[in-house]
Structures are given as C-alpha cells and as structure tokens.
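Below: the structure, in structure tokens.
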Amino acid sequence: MTPSISAVRLGRLLGEDALARPAYRSLAGAIMALLADGRIPSGTRLPSERELTAALGCSRTTVTNAYAVLAERGYLAARRGSGSIARVPSKSASAGRVLTPAIRLDPDAIDLTCAATRAPEGILDAFAAALAELPGYLSDNGYAPVGLLDLRSAIADRYRQRGLPTSPDQILVTSGAVAGLAIVSRALLTAGDQVIVESPTYPNALEALGRSGTRTLTIPVDATGPDLDETERVLRAGGARAAYLIPDFHNPTGALLDDSDRERLARALRRSGTIPLIDETVAEVDLDGGPAVRPFGVLAPDAIALGSAAKSFWGGLRIGWIRVPGALAGRLLDARATLDLGAPILEQLVLTHLLRTHGGMPIGRLAELRAARDATSAALRERLPDARFVVPRGGLNLWVDLGEISAGAVALAAERLGLQIAAGPRFAPSGGFEHHVRIPYVADPDVMATAVERLGAAVDHVRAHGVAGITTAAAHGFVA
C-alpha cells in the first residue's frame, strides 16, 4: 500500500514560511526540503491539489504550479490510481531515510552522507597475503556460514584484549554490521515486538529492525549520553523485547557512556528482561584516549554485540560480525541461512591479516581522523559561528545544530553546491532534529574545510532566499 500524508499534516510540516513570495516556488521548495530531510518519506502520496489548497488557505493556482515545479525537478510523479507521488530523485544523496553513498556524477563533489574512510596504508599487502592463502580454500564450496576459524579467533582475541572473554564459537562473521542486525532481527524478533532505540540513532539500523515488523520505543540521547532516568522509566513499563544501543561514540552524537552509567543501564535492562543489541562498530575509534570503558558484554552477559571492519579499516571490506551468548548461536545461524550463506572468503582473509598485523584500528588512521576532526571543528567555528556542537572524544561524526534554519533545505542547497550531507530528521525515529546535520570528518583536513565552506554557503543561501531559493537554484544550476 502506498503511504500517504494528509493535507492537514503536510500543512503543519510546511509551516508559515511555505507561501513566501513567489508562493508557488516557496511551496515547492518547502516540500523538496521535507523530502530531503526525511520528514516526507520518498514514495509518499501527496494530498490532492484541492485538499492542499483548502488546508493552506491559498489559491488553487499556487498549488498547481508548485506541483508542476516538483514534477519538472523530478520530485513528483503522477501514478495512475495513486495520485501524486513525492520522491527524491535517484541521483540525490537525500533519497529516503537509509544512508547510502551518493552516485558520483561530479568528480569535485564531496560525499559526507556515510561515515566511512578511505582504505588505510598496508591494505594492498593484506590483499596480497590473502591471495597467497586463497588457493587453500578453493577446493571447498566457499560459503563458510559461520566464518573462517582464523578470523573468528582473531576477533575473539580482540574481545579478550578489551576485557571480555570470548571464544571463536561465539563469533558469527557477516557481510557487515547492518547485515548482522538483520540476522539478529530475523532470529529473535517477530512482528509487533517492541524494540527500544535511541533518538537520534543510525537510520540504517532502524530500517533493518523495521523489516521485522517491530515497533520502536525511543529514549533521548545527546552528546552526554542517553537520558537514563527516561530509559529506566521506559524499561519499567515493560514489554520491550530488545534494545538497540550505541554506547561507544554514539552515531550521530558522539557520546561515550562511562562505566558507571553502563552498569546502571545494564541493571535496568536485566531487570526488565530486555535483550541488549549493542552496536560497537566504532568502539575502537578513540581519538583522544582517556579513561578506558568496559565492553557492554562484561556488564550484560546476555548482550549481543555487532562489529564491523568498515569503520576501523575500510568500507570496501564488507565484513562484520556478531558476538553472541553461546546459547543463541544456533538460532542466529539458522536465521542467517535465509539471508545469505556467508561473507566473501577473500575479504575474510584480508581482515584476518589486518587484525593479526595491527590488532585494532591502525595508529596512523587514528591520527588522520583526529586531524580531520580538529580541522572540521575549527572551520565550523569560523564559518558558522552560531552553530552549536560538541567535539567528541572519538567516533566519526559531528552532530551540528544550525539554529533556526531547516536542515532539509540546507542539505538540498548544499547538494547543489557539490556537498552531500544527511539532515537531522533522517536520524529521528519519531520526528525532530529539524535543525541538525551530521558531518562525518572522514576526509583530509583540506577537503573537510572545503566541505564546511560549501555548507556555510548553503546556509547563507537558505537564509537569504528561504526554501523558494532552492527551486530557483535547481533551475539555474546553483554552484559555488
């Protein structure tokens, strides 16, 4: 069934500025901005022209012309029997909630949609070593549904070094952390189950959980961590089957939960019988160092942990893993067989070599990210002095509050300037964060400075012209 939005709700989302002169262009720009930041999901049926005219109290001509502009720009399609379907053009980085790398049509464009870095030094040596080992595996069928033993042993060693005793039998190798979450969801969750998630949180995880038909309960989180009073209240209410949490350099806020708060959270989860699903994909991206924190599994033995090579090494290594309590390993393996039959052997061999060589995240990569984070922070303070953000101790993102300006409109204007970024509402399970953007500091300092300059130009453009200026910019190829 095609999702739809009522004229009354659309009117509330559009706000009072949607009919600034020229009204039809302002209206079109406002709808484009709502699509860009996810408050109108791509594929939603818009109200009829008559319904929206009545809800906004404007002329029918204004709505008709606005819909015509949207269609001309590729943001609206007429579908027989379904009416006017709003969509984000497929080339756009803002398509829907899910975060995916943008299609590189412009070699000078900067894609900060995904928090992923380039490959580290030494990765070619790792591939060479893996190719030398590969012939030993060619006589088998190549599936390895639980993962190669050497890789599972190397991952288990990392957990032991971090203070969490782990055997290779507790490790299930996957094709990335989101694939791991999909396996966990398939094994443990059924339609109608309640799952606690943080707000904001990682959008792709929300989509993976939602495909099991689960219902989300939200707990607020900011740069200091989750609101534990509210978390305990939600857990006491009962009914939550699981909780998807990011205690280590939270995505997108960067918050790091200290040991005392971990203990409090683990106790609350244990009392309520809620299964912790712990995202540890950036647990080792500790840029400044400081007091060590224990893996969440030390405090919650029933926790299921999700890890990935994408953040510590390279997004091109599509290898992740699940650390599971021993009793659940069989259920997850059965669920995995309905999704895929194993991660690629060559990539598993590459990651095994990298883990045996570096242990955790390469020191040089940490230094590069620290320099990029500091350069991005400095550029933001200079170019957008009114923006509010906290510089995190680690992780890959700055969570930036732009003030009283639509993040969706800014993201759309930035795209015209050759910068793809994700607006805050895409991270909001139940709405909010209309003025935030996430900025991953994953490129060279000079590139990050250029990205901030383009972001600043986009903010200036929206402030000067409002959402109406977005449609004009699109029409005239607005570039810096």
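Keep in mind it's a predicted model, so treat the numbers as computed, not measured.
- Listed here is the closest heavy atom pair of D111 and C114: OD1-N, 4.4 Å.
- Across all non-hydrogen atoms, the minimal contact from L287 to R370 is O-NE, 2.7 Å.
- For the atom pair CG of L306 and OG1 of T174, the computed distance is 8.0 Å after rounding to the nearest 0.5 Å.
- Taking OH of Y67 as the start and CG of L27 as the end, the distance is 7.5 Å to the nearest 0.5 Å.
- Ion pairing between a basic and an acidic side chain is recognised when a charged N comes within 4.0 Å of a carboxylate O; D108 and R454 show no such pairing.
- The CD atom of E415 sits 10.0 Å away from atom CD1 of I421, with the distance rounded to the nearest 0.5 Å.
- Applying the side-chain hydrogen bond (donor to acceptor under 3.5 Å, both in side chains) test to every pair with at least one member in residues 306-320, sequence neighbours left out, gives no pairs at all.
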Inset, instruction - Run the numbers on E434 and L13 for side-chain contact (heavy atoms from CB on, under 4.5 Å), then give the verdict. - result: CA-CA 10 Å; E434 290 88 354; L13 290 176; 6.0 Å; no

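- Checking side-chain atoms of E232 against main-chain N and O of A268 turns up no donor-acceptor pair under 3.5 Å.
- T274 contributes no side-chain N or O that, together with a main-chain N or O of A243, makes up a donor-acceptor pair within less than 3.5 Å.
- Between the side chain of H435 and the main chain of G403, a donor-acceptor pair closer than 3.5 Å is present.
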Inset, instruction - Show your reasoning for whether side-chain contact (heavy atoms from CB on, under 4.5 Å) applies to D193 and S212. - result: CA-CA 9 Å; D193 280 347; S212 296; over 6 Å; no

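- Under the 3.5 Å distance criterion, with hydrogens and angles disregarded, a donor-acceptor pair is assigned to the side chains of E49 and T64.
- Looking at R162 and E280, a side-chain N of the basic residue comes within less than 4.0 Å of a carboxylate O on the acidic one, giving a salt bridge.
- Here the OG-CD1 distance, from S4 to I40, works out to 11.5 Å after rounding to the nearest 0.5 Å.
- The ring-ring contact (aromatic ring centres under 6.0 Å, His included) test applied to Y24 returns no partner, not counting sequence neighbours.
- Comment: R365 does not engage E284 in a salt bridge, judged by the lack of any side-chain N to carboxylate O separation of less than 4.0 angstrom.
- Contact annotation: the side chain of L269 approaches that of L245 to within less than 4.5 Å [non-hydrogen atoms, C-beta and beyond].
- V350 is not listed as a side-chain neighbour of I319, based on a closest heavy-atom distance of 4.5 Å or more.
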Inset, instruction - Run the numbers on R373 and V391 for side-chain contact (heavy atoms from CB on, under 4.5 Å), then give the verdict. - result: CA-CA 8 Å; R373 180 202 59 186; V391 179; 3.7 Å; yes

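- Side-chain contact between D125 and T357 is absent, with no heavy atoms from C-beta onward closer than 4.5 Å.
- Using a 4.5 Å cut-off on side-chain heavy atoms (C-beta onward), P429 and T201 make contact.
- The distance from atom CG of L396 to atom CG of N251, rounded to the nearest 0.5 Å, is 8.0 Å.
- Contact check for Y244 versus T216: no side-chain heavy atoms found under the 4.5 Å cut-off.
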Inset, instruction - Take L52 and L46 through the test side-chain contact (heavy atoms from CB on, under 4.5 Å) and record every step on the way to the result. - result: CA-CA 9 Å; L52 190 55; L46 294 184; over 6 Å; no

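- L398 places a side-chain heavy atom less than 4.5 Å from the side chain of S377.
- Between the side chain of D222 and the backbone N or O of T253 there is no donor-acceptor pair closer than 3.5 Å.
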Legend entry - Derivation and outcome, salt bridge (charged side-chain N to carboxylate O under 4.0 Å, His left out), residues R264 and D229: CA-CA 10 Å; R264 180 180 172 185; D229 290 337; 2.5 Å; yes

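- The minimum heavy-atom distance between V221 and E198, with the atom names listed, is CG1-CB, 3.8 Å.
- Annotation: R60, atom CZ; neighbour count of heavy atoms from other residues, nucleotides and ligands within 6.0 Å is above 12.
- Counting only heavy atoms from C-beta outward, the side chains of I278 and P247 approach each other to under 4.5 Å.
- In this structure, I219 and T231 approach most closely via the heavy-atom pair CD1-OG1, 3.3 Å.
- Qualifying side chain to side chain contact (heavy atoms under 4.5 Å, CB included) partners for D286, counting only residues two or more places apart in sequence or in other chains: F249, R393.
- Between atom OH of residue Y441 and atom CG of residue L112 there is a gap of 12.5 Å, rounded to the nearest 0.5 Å.
- Checked by atom type and distance alone, the side chain of R118 never pairs as donor or acceptor with a backbone atom of A443 at under 3.5 Å.
- Applying the 6.0 Å contact sphere to CZ of R9 captures no more than 12 heavy atoms from other residues, nucleotides or ligands.
- Side-chain atoms of R323 and R158, non-hydrogen and from C-beta on, never get closer than 4.5 Å to each other.
- Nearest heavy atom pair, residue L257 against residue P226, reads CD1-CD, 3.6 Å.
- The closest donor-acceptor contact from the side chain of D279 to the backbone of T281 lies under 3.5 Å.
- Enclosure of atom CD in E382 is not indicated, since only 12 or fewer non-hydrogen atoms of other residues, nucleotides or ligands lie within 6.0 angstrom.
- Taking both residues in full, the closest heavy atoms of V178 and A208 are given as CG1-CB, 4.2 Å, listed atom of the first, atom of the second, then distance.
- Using the six-membered ring where Trp is involved, H465 and H461 have ring planes that are tilted, between 30° and 60° apart.
- A salt bridge links R262 with D248: the distance from a Lys NZ or Arg NE/NH1/NH2 to an Asp or Glu carboxylate oxygen falls below 4.0 Å.
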